[in-house]
Amino acid sequence: MITPAIARTYPNGRMHNCYHFTLQSRGVVETVQYPPHQYEESTVVYDDATMPLCAVCMGTHGVLDRLVLPPGVR
């Protein structure tokens with residue numbers, strides 16, 4: 001798949017450390033499913049985040065209904 005298509009199709013995807021967005025024009029998408037797990041605090045915290053990402057899946061374990069999003073954002 002071409003790099004821009006990957007970025008548009010999987011906006012929340014994570015790039016593998018062997019792939020470089022600006023150097024490779026094509027990539028392979030690998031779906032990763034994590035088993036059920038409890039939130040485990042990681043060291044990754046974004047400036048506007050209310051809590052660190054999960055150390056296991058790098059997700060937020062948040063409930064989407066609680067997010068306040070601008071109109072038109074899914």
Side-chain angles (χ1 to χ4, degrees):
M1 198 174 203
I2 62 171
T3 301
I6 293 173
R8 285 190 297 271
T9 307
Y10 303 95
N12 296 321
R14 291 188 311 185
M15 282 189 279
H16 193 273
N17 57 9
C18 70
Y19 179 78
H20 194 279
F21 188 82
T22 58
L23 296 179
Q24 277 98 20
S25 62
R26 299 183 75 77
V28 175
V29 175
E30 177 185 15
T31 302
V32 178
Q33 291 185 324
Y34 297 94
H37 61 276
Q38 293 295 316
Y39 168 80
E40 188 176 317
E41 188 174 300
S42 76
T43 58
V44 180
V45 184
Y46 291 104
D47 292 338
D48 58 349
T50 58
M51 61 190 282
L53 295 177
C54 176
V56 176
C57 67
M58 294 306 284
T60 61
H61 286 247
V63 177
L64 290 177
D65 293 339
R66 288 189 287 177
L67 293 177
V68 178
L69 300 173
V73 175
R74 292 178 45 195

Which pair of heavy atoms, one from Cys57 and one from Tyr34, lies closest together, and at what distance?
-> CB-CD1, 3.5 Å
side-chain contact (heavy atoms from CB on, under 4.5 Å) filter on Arg26, not counting sequence neighbours, yields Ile2
Test side-chain contact (heavy atoms from CB on, under 4.5 Å) on Val45 and Leu53 and set out the steps.
-> CA-CA 6 Å; Val45 184; Leu53 295 177; over 6 Å; no
Nearest heavy-atom neighbours spanning Ser42 and Cys54 = CB-C, 4.0 Å
Run the side-chain contact (heavy atoms from CB on, under 4.5 Å) check on His61 and Glu40 step by step: do they pass?
-> CA-CA 10 Å; His61 286 247; Glu40 188 176 317; over 6 Å; no
Tell me who clusters with Ile6, hydrophobic residues only, linked when side chains sit under 4.5 Å apart either directly or through other members.
-> Met1, Tyr10, Val29
